[in-house]
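Notes follow the structure.
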Protein chains: 2
Amino acid sequence: MLSQKTKYALKALLYLAEQDVDHISKTVEIAEAASIPKKFLEQILLDLKRGHFVGSKQGKFGGYYLLKSKNDITLADIHRLFDGAIALLPCASLNFYERCSDCVDESECLLRHGLITIREETLKAMQGITIASLVKK
Amino acid sequence: MLSQKTKYALKALLYLAEQDVDHISKTVEIAEAASIPKKFLEQILLDLKRGHFVGSKQGKFGGYYLLKSKNDITLADIHRLFDGAIALLPCASLNFYERCSDCVDESECLLRHGLITIREETLKAMQGITIASLVKK
DNA sequence: TTTAAACTCTACTAATTTTACAGAATTAAT
DNA sequence: ATTAATTCTGTAAAATTAGTAGAGTTTAAA
């Protein structure tokens, strides 16, 4: 399941994607439109900025805007940024690989192969969902 | 990601699937073979029993055995039993449906449609992975 | 009928993660 | 200077997860 954070991040990105290009959205504006606690959203937008998905303008009349094209922001990207691995176990993950501490021989693990298959399929599906595809209905 | 509980449940089921039919496995035997804390495993096996995936024989020389065919136990089943919904949000779930509290109009929600697509695809993938398919390499 | 060896059940606890909130610092426009 | 915004760090409550404890129940066999 997605965490609230990821869900809020997606809703914020959707809001930004719906604005005119060059429009700069204040945090409070996004928070109200998308029903997100403002202080929590501040953190999320900072994370999105560090992930280079959004840009910001500081100071008075500042705010946030999409940095990447909405076609280039996928559900997989945002999931990885906030919730981490797509795979069901770290040992089956591409970007968050970690060995299982209780695993004697990874190549012998019956579970791992199946989980890699799942990861490949869900990843493909999640990469197919972009902010753009969500916005256009 | 899978919880430890789900991972342990799968490992326990894999162990049971590898035994001869009619063989009854003691909890301690499974725990040692699959590196699972015994007391934790007891709970897990009880849950698997309540889910009708395994059966048990009580008393001396008792233990656990597969109740369903290993072809009929899917990753989706076990995920649902221990970790709940396959979908990324409750509002996109079949078996664990719940309305989002912050959602004004569900039919208008841009996120939900995409998440339903994802759920359909991951569910199909997870239903394709059975204990049998995992055991036979 | 007693004992041993197993499952069954409920409750508890510790650690971790999630979900925020608070407030000071910084930046930029007027 | 002042105002209005982002930025940064730290804190805290709530929920979840992972695991432990211990008493109870069942069954087989001596």
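All chains are named by letter (A, B, ...) in the order of the sequence lines, taking the proteins before the strands, and each is independently numbered beginning at 1.
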Report yes if at least one side-chain N or O of [X] is closer than 4.0 Å to OP1 or OP2 of [N]; otherwise report no.
X        : N       : result
Arg50(A) : dT6(D)  : no
Thr27(A) : dT6(D)  : yes
Tyr8(B)  : dG19(D) : yes
Tyr64(A) : dT7(D)  : yes
Ser56(B) : dA6(C)  : no
Tyr65(B) : dC7(C)  : no
Ser3(B)  : dT16(D) : no

query = So, are Glu42(B) and Lys39(B) salt-bridged, with charged N and O less than 4.0 Å apart?
reply = yes
Salt bridge Glu106(B)-Arg99(B), side-chain N to carboxylate O under 4.0 Å = no
remark   = Comparing nearest nucleotides in DNA chain C, the 5'-proximal residue of the pair Leu2(A), Phe61(A) is Leu2(A)
query = Does one side chain, of Gln19(A) or Tyr65(A), offer a donor that lies under 3.5 Å from an acceptor on the other?
reply = no
Can you confirm whether [X] sits close enough to [Y] that some side-chain heavy atom of one is under 4.5 Å from a side-chain heavy atom of the other?
X        : Y         : answer
Ile24(A) : Phe61(A)  : no
Leu10(B) : Leu110(A) : no
Ile78(B) : Leu48(B)  : yes
Ile86(B) : Arg80(B)  : yes

Restricting both atoms to N or O, compile the protein contacts to nucleotides 2-4 of chain C shorter than 3.5 Å, with distance only.
none

To the nearest angstrom, how far is [X] atom [atom1] from [N] atom [atom2]?
X        : N       : atom1 : atom2 : result
Lys57(A) : dT7(D)  : NZ    : C1'   : 15 Å
Leu46(A) : dT9(D)  : CG    : P     : 10 Å
Lys49(A) : dC8(D)  : NZ    : P     : 7 Å
Leu41(A) : dT7(D)  : CG    : P     : 12 Å
Ile44(A) : dA20(C) : CD1   : C1'   : 10 Å
Lys26(A) : dT7(D)  : NZ    : P     : 15 Å
Met1(B)  : dT17(C) : CE    : P     : 11 Å
Leu45(A) : dA5(D)  : CG    : P     : 14 Å

task = Drop me the distance from Leu134(B)'s CG to Lys11(B)'s NZ, to the nearest 0.5 angstrom.
result =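 Here the rounded value is 13.0 Å.
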query = Would Val135(B) end up clustered with Leu111(A) when hydrophobic side chains under 4.5 Å apart are linked, directly or stepwise?
reply = yes
message = When you group the ILVMFWY residues by side-chain heavy-atom contacts below 4.5 Å and let the links chain together, are Met126(A) and Tyr8(A) in the same group?
response =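 Yes, one cluster joins them.
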With a non-hydrogen cut-off below 4.0 angstrom, is [X] in contact with a base, only sugar-phosphate, or nothing?
X        : value
Phe82(A) : nothing
Gly62(B) : sugar-phosphate
Phe40(B) : base

Provide a list of protein-nucleic acid N or O atom pairs under 3.5 angstrom, restricted to nucleotides 21-23 of chain D.
{"residue": "dG22(D)", "atom": "N7", "partner": "Lys39(B)", "partner atom": "NZ", "Å": "3.2"}
{"residue": "dG22(D)", "atom": "O6", "partner": "Lys39(B)", "partner atom": "NZ", "Å": "2.5"}

